[in-house]
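Report on the structure given below.
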Protein chains: 2
Amino acid sequence: MSKKEALLKAAENKVRLGGYSNFSFRELASEIGIKSASVHYHFPTKADLGAELAHQYTNAFLNALGSPSEHLANGKNPIEVYTQLFRSALLFDKKMCLCGLLGAESDSLPEKVRFEVKRFFNQNLEWLTEAHLANGEQQPKHAAIQTVSLLEGAMMISKTLDDNSYFELATQPA
Amino acid sequence: MSKKEALLKAAENKVRLGGYSNFSFRELASEIGIKSASVHYHFPTKADLGAELAHQYTNAFLNALGSPSEHLANGKNPIEVYTQLFRSALLFDKKMCLCGLLGAESDSLPEKVRFEVKRFFNQNLEWLTEAHLANGEQQPKHAAIQTVSLLEGAMMISKTLDDNSYFELATQPA
DNA sequence: AGCCGCCTACCTATCGATAGGTAACTTATA
DNA sequence: TATAAGTTACCTATCGATAGGTAGGCGGCT
C-alpha cells in the first residue's frame, strides 16, 4: 500500500469516529511513519485530503453496491442488499458511515468536501430510486429518501447507544 | 440573559453547525463580550460545557414535546407532534438536531458529553414507545426506533443536500 | 539531468487550561 | 450598626500543546 493510500485509510478511520476535525496531518503522518510536512506533498491542503477521501469512499461504496438490476437477476431484493452494506459497516467496521457523519457537519465543511458528500447522497438516492422502481413501488423517490434516512439514522443511534440491536429493530419490517 | 446562558446559547449554535469541536472558549467568549479565561469560571472544562449543553437541550426538547397522552386528549397524533418538532428545528433554526450531530461523533466525545447524548435518545425512545403504544401499534418499540432514525436521517440529508423538501418526502406517509 | 518522495526546520494561529488578581456584592458576627 | 469574611464574576498574562501550512534540502531512481 502506497503512503498516499495509507494516509487516506488512516484518515477514514479518524473521520468515521469523530468527523472532519478528528484527524490532523501530524497524527496521520506519525501513524504511517512519515512527517507531517510530507503529507502536503500528497494533499496540498486538508480540504483536498478530505475531498479525495469522500470521493473514494463514495466510489468504493457504489462499487460494492453493484447495480439493482444485477441483484434482481440473482433473485435478491436490491433494498436488502443495500441494507446489508450498511449493516456491514456497523458490525464489521464498527464505525459510522463516513458521509453520514460528514453530512451532519455539512455546514462547517470546506466547499470541496461538502461537494463530495452531496455527491454520495445524490448517487445513493439515484440507486435506491431505481431499486424501488424495479420493486414496483408507486413512489420510488419517496421510498428512496426514506430508506437512506432510516439507515443513516439507525446507524447513528446504534453507535450512540452502543447497541447494534437498534439497527436491527429499525431495519426490521413492521 | 446571564453570561452563562449566553455562552450555552452561542455554543449550541456552533455545535449544531459543526459538532463538538466547532466551538472554542475563545470564540464563545468574544461573541458574548468576556474573556476566554472567564468561561472557565462557569464551566471548568470544555467537556463540562458540552455536557450541560446537551443536558439542557434534552430538557428543553422534552419540555416542548409535552406528553403523548396530552396530545391524544387534544385529538392530535403524538407522532405528528413529534415530527413537527423536528421540522421546526430544520425550518426555523435551520440547524441539525444537537444530539443527532453529537451522536454521530459519539465515539470521540468526552464521556460526560456522550452520557448526555445517550440520555437524549433514551428519553426520546421512551416517549415514542408510549406514543406508538397509545396509537395501537403492535410493536411500539420497533416503531419508536424507526421514527427517530427516519427523522434524524432525514434531517441530516436535507441539511447536506440543502433542500428541505427531502425532509418532507421522508416524513410523508407512503 | 531531473523528478519523486520524503526530510529538517521552521512559521503563525489557535487551542484548553491555569495562576493570580480585583471590584462589587452578600452574609455573618461582635 | 460597623466591620470582617467570603462569594461572584470577571480580568491579565501566560502556559504547553497542537493546528495547518511553507521553504528549501537531499537521496534514489530513471
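Please read these numbers as outputs of a predicted model, since none were measured by experiment. Here is the naming used below: chain letters follow the sequence lines, and residue numbers restart at 1 for every chain.
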Do the side-chain N and O atoms of Gln172(B) and Glu168(B) include a donor-acceptor pair separated by under 3.5 angstrom? no
For the pair Arg119(B) and Glu116(B), find out whether any cationic side-chain nitrogen is under 4.0 Å from an anionic carboxylate oxygen. yes
Taking all atoms of both residues into account, what is the closest heavy-atom pair of Leu101(A) and Arg16(A), and its distance?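 Smallest heavy-atom distance, with atoms named: CD1-O, 3.5 Å.
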Nearest heavy-atom contact between Leu90(A) and Ser158(A) is CD2-CB, 3.9 Å
In whole angstrom, what separates [X]'s [atom1] from [N]'s [atom2]?
X	N	atom1	atom2	value
Phe23(B)	dT14(C)	CZ	C1'	15 Å
His40(A)	dC10(C)	NE2	C1'	13 Å
Asn22(B)	dC15(C)	CG	P	11 Å
His42(A)	dC4(C)	NE2	C1'	10 Å
Tyr41(A)	dG24(D)	OH	C1'	16 Å

Return the residues of residues 43-55 of chain A meeting this criterion: a heavy atom under 4.0 Å from some atom of DNA chain D. Order them by number, or give none. Thr45(A), Lys46(A)
What residues in residues 25-39 of chain A put a non-hydrogen atom under 4.0 Å from any atom of DNA chain D?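 Under 4.0 Å from DNA chain D: Phe25(A), Arg26(A), Ala37(A).
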If only side-chain N and O atoms of Ser24(B) are considered, is one of them under 4.0 Å from the OP1 or OP2 phosphate oxygen of dT14(C)?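 Ser24(B) to dT14(C) OP1/OP2: no side-chain N or O under 4.0 Å.
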Is there side-chain contact between Ser21(A) and Tyr20(B), with at least one heavy-atom pair below 4.5 Å?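 When only atoms from C-beta onward are counted, Tyr20(B) and Ser21(A) do not touch, as no gap falls below 4.5 Å.
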Is the closest side-chain heavy-atom distance between Leu28(B) and Lys14(B) below 4.5 Å? yes
When Val15(B) is tested against each of Leu102(B), Leu49(B), Asn22(B) for side-chain contact (heavy atoms from CB on, under 4.5 Å), which residue passes? Leu102(B)
Donor-acceptor contacts under 3.5 Å from residues 78-86 of chain B side chains, at least two apart:
| from | atom 1 | to | atom 2 | distance (Å) |
| --- | --- | --- | --- | --- |
| Tyr82(B) | OH | Asn124(B) | OD1 | 2.5 |
| Thr83(B) | OG1 | Ile79(B) | O | 2.9 |
| Gln84(B) | OE1 | Arg87(B) | NE | 2.9 |

Can you name the residues that form a side chain to side chain contact (heavy atoms under 4.5 Å, CB included) with Leu125(A), not counting sequence neighbours? Ala144(A), Ile145(A), Val148(A), Leu161(B), Tyr166(B)
Got a sec, which residues hit side chain to side chain contact (heavy atoms under 4.5 Å, CB included) with Asn13(B), two or more places apart in sequence or on another chain?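 In terms of side chain to side chain contact (heavy atoms under 4.5 Å, CB included), with neighbours along the sequence ignored, Asn13(B) is linked to Lys95(B).
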Using a strict heavy-atom distance below 4.0 Å, which residues from residues 8-16 of chain B are in contact with DNA chain C? none
Would you kindly check if the NZ (Lys) or CZ (Arg) of Lys46(A) is within the cone defined by 45 degrees around the ring axis of Phe23(A) and under 6.0 Å from the six-membered ring centre?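 Flagged: Lys46(A) positioned over aromatic ring of Phe23(A).
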